[in-house]
Amino acid sequence: MEMEMRAMEDIEMAEDITPPLPPLTAALHDAFFLTHCSSCFSPLPNSSISHSNLLRYCSPICSRSDSLTAAVFSTDHFPFSDTSDLRASLRLLHLLLSDSSAWRSAPPERIFGLLTNREKLMLAEDDSEVFVKIRKGADAMAASRRTNSADIRYDNALEEAILCLVLTNAVEVQDSVGQTIGIAVYHPTFCWINHSCSPNACYRFETPSDSINTRLRISPFCTDIGTGEGSCNQMSTVRRNFSHFITKDFQGYGPRVMVRSIKSMRKGEAVTIAYCDLLQPKAVRQSELLSRYKFVCSCQRCSAKPPTYVDHALQEISAFNVELLDSTSISNFDYDTAMRRIDDYVNNAIAEYLSIGSPESCCEKLQNLLTLGFYDEQAEDGDGKQLLNLRLHPVHFLLLNTYTALASAYKVRSWNDDENQCNATMSKTSAAYSLFLAGATHHLFLNEPSLIASAANCWVVAGESLLILVKHSSLWGSNTSKSSSPMGEITCLNCSWVDKFNTNRIHGRSIEADFREFSIAGRRRSRHV
């Protein structure tokens, strides 16, 4: 049985098509334990409530809603670098067992209507990363529950199924500035929306306190595999259970998700979103989807022959033999080797910036790639070798990453040790790379309308960079602090609202968080507009 969601009526572009949907389960990433509520993901007030030395809450309501997880959570049971997948699974397991006592036999293929994918994920080799994580995670969940309850089950099949469900269906939750702060598994209305590399919808997150009144404009549809469209023998059961999902408020807390159209849809048309970064070439997208979700995408964009302009541009490399005098590109070079080496070069430069905190070195290396290209010695026909100069297409996906890193690195470099001083030259360079990134994604968007979310995010970042530049350079000079400005406390009325951006957006957050602000897409599914 395959599930999908379809439009119940004609829908225009840029319309909300679901109400705010609460999560079945959610978990904050470990790095945000001290700054955000572990239940609703809101930033913590000065006086927070703590159940343990790790989990903190913004209110008594959030504290009570998460009491079971707090009671059984222990780093002794969860010896992993990040425990969000396991904590989300533990919450979902508690919800399942509290709702029914009939889970003593083998777990079903679907739980709460959501596909677990357990059989496919557990078919991996014993030493695979996913297989090991599922086995160890299920053992940790079982040990945690047995220590804190009377539940005695020696078979961890249910824990494995729940963890597989979370790994398959969870999306990363982002805050208002684009940081990924946790994960959530949502209502089937959301999880039954299938993937496309040219989707007609996207999504955004809302806090529980937001009051948004939007009716549901999509409905479930299922197909029995091999028996034809619309022939699902279980459709009546699906619709009945779907109504149950709509009316049952599972936990009522955590970040809600809303789906929004980015293309017009006709009544009965399937609704699709992106499960991966759409600004990656086809081979990378296919690899990620197969590795994580165990399917091969056959959407219109992936099936296009010849490849679409966007997919061609995202991976195009021109090679020139340095020893030849003419400037004609050559085709007899090892593309895969060239891609791997350039990818390593870019990733090493960015890793040096993030781990060592050396934006200067990162800027130098990445700018050399932009201006000089990449030199690579490859085997030629016969025993000889040829020195190649490799040039990437201006919107190649590795150059999009390069523009992203340079915008962030120059932003960090624009601030001296004295937080009140800004180097306008560095700020201008950062803003320029932000604009270049926005222009590149906009160019791709003109050829693939589903990239509107990526283009919009990049334009927002570019706009903020320009406003910060105006505030910190045009008003009082390139390297002069505000306190020494000859204009004193005079502020430009047209850009004074920039003060709303807390100075932490520039110098108070970690380099990793600053870099993520420029990120084009989340790890699991694309950003929203």
Side-chain angles (χ1 to χ4, degrees), residues 2-3 23-31 73 75 77-93 96 103 106-145 153 155-173 180-186 190-195 197 273-277 280-298 302 340 343 347 521-526:
E2 294 183 346
M3 299 302 307
L24 293 172
T25 182
L28 201 66
H29 284 324
D30 294 21
F73 175 69
T75 53
H77 291 140
F78 294 169
F80 301 92
S81 58
D82 185 89
T83 62
S84 54
D85 289 331
L86 298 178
R87 285 181 287 112
S89 300
L90 191 62
R91 287 185 171 112
L92 196 59
L93 180 62
L96 179 66
W103 303 103
E109 181 184 28
R110 291 181 179 270
I111 297 177
F112 291 123
L114 304 182
L115 190 67
T116 66
N117 246 359
R118 177 172 176 257
E119 289 188 3
K120 292 183 178 180
L121 293 175
M122 297 301 288
L123 282 176
E125 298 294 331
D126 289 352
D127 59 349
S128 73
E129 182 179 351
V130 174
F131 182 89
V132 171
K133 181 174 184 177
I134 294 172
R135 275 292 168 87
K136 290 186 175 180
D139 290 344
M141 291 167 58
S144 178
R145 285 188 52 79
R153 285 181 295 106
D155 181 3
N156 295 344
L158 184 56
E159 282 83 358
E160 290 177 358
I162 292 289
L163 183 53
C164 289
L165 183 154
V166 170
L167 293 175
T168 299
N169 294 278
V171 293
E172 291 200 331
V173 177
T180 299
I181 60 175
I183 63 169
V185 176
Y186 284 99
F190 179 75
C191 288
W192 286 346
I193 299 176
N194 287 329
H195 164 82
C197 295
I273 58 176
Y275 291 7
C276 61
D277 184 354
Q280 300 277 14
K282 175 183 174 180
V284 178
R285 298 195 310 270
Q286 295 274 6
S287 176
E288 180 181 341
L289 292 169
L290 182 61
S291 173
R292 180 166 185 80
Y293 300 103
K294 306 303 178 186
F295 72 86
V296 176
C297 182
S298 57
C302 288
R340 184 174 64 254
D343 188 35
N347 288 335
R523 185 185 68 190
R524 296 184 180 175
R525 294 185 181 175
S526 64

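We're numbering straight along the sequence, starting at 1.
- Considering every non-hydrogen atom in both Cys302 and Arg285, the closest pair reads SG-NH2, 3.5 Å.
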Residue pair His29, Glu172: steps toward the side-chain contact (heavy atoms from CB on, under 4.5 Å) verdict:
CA-CA 10 Å; His29 284 324; Glu172 291 200 331; 3.9 Å; yes
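- Scanning both residues, Ser89 and Ile162, for their nearest heavy atoms gives O-CG2, 3.3 Å.
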Take Val296 and Gln286, measure what side-chain contact (heavy atoms from CB on, under 4.5 Å) needs, and give me the verdict at the end.
CA-CA 6 Å; Val296 176; Gln286 295 274 6; 3.3 Å; yes
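- From Arg91, atom CZ reaches atom CG of Leu96 across 16.0 Å, with rounding to the nearest 0.5 Å.
- Listed here is the closest heavy atom pair of Gly137 and Leu163: CA-CD2, 4.0 Å.
- The NZ atom of Lys282 sits 9.5 Å away from the SG atom of Cys197 when rounded to the nearest 0.5 Å.
- Side-chain contact check for Phe112 versus Leu92: some heavy-atom pair is nearer than 4.5 Å.
- Between the side chain of Asp30 and the backbone N or O of Thr83 there is at least one donor-acceptor pair closer than 3.5 Å.
- Applying the side-chain hydrogen bond (donor to acceptor under 3.5 Å, both in side chains) test to Arg135 and every residue at least two apart in sequence or in another chain returns Glu160.
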For Leu165 and Leu115, run side-chain contact (heavy atoms from CB on, under 4.5 Å): C-alpha distance rounded to whole Å, both residues' side-chain angles, the deciding distance at 0.1 Å, then the answer.
CA-CA 6 Å; Leu165 183 154; Leu115 190 67; over 6 Å; no
Taking it one step at a time, do Tyr293 and His195 satisfy side-chain contact (heavy atoms from CB on, under 4.5 Å)?
CA-CA 10 Å; Tyr293 300 103; His195 164 82; over 6 Å; no
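- Put simply, CG on Leu121 and SG on Cys164 are 4.5 Å apart, with the number rounded to the nearest 0.5 Å.
- A distance of 8.5 Å separates NZ of Lys294 from CG of Asn117, quoted to the nearest 0.5 Å.
- The CG atom of Leu158 lies 10.0 Å from the OG1 atom of Thr116; values are rounded to the nearest 0.5 Å.
- Taking both residues in full, the closest heavy atoms of Met141 and Leu90 are given as CE-N, 4.1 Å, listed atom of the first, atom of the second, then distance.
- Aromatic ring pairs are classed by plane angle as parallel below 30°, tilted from 30° to 60° and perpendicular above 60°; the pair Phe190 and Tyr186 is perpendicular.
- Taking each heavy atom of Ile183 and Ala88 in turn, the nearest pair found is CD1-CB, 4.0 Å.
- At distances below 3.5 Å, at least one donor-acceptor pair connects side-chain atoms of Trp192 with backbone N or O atoms of Gly113.
- For the pair Arg118/Glu109, no side-chain contact is recorded, criterion being any heavy-atom separation below 4.5 Å from C-beta on.
- Pairing each heavy atom of Leu28 with each of Ser84, the nearest pair is O-CB, 3.7 Å.
- Here the NZ-CG distance, from Lys136 to Asn156, works out to 14.5 Å after rounding to the nearest 0.5 Å.
- Within the 4.5 Å cutoff, the side chain of Asn194 has no heavy atoms near those of the Glu2 side chain.
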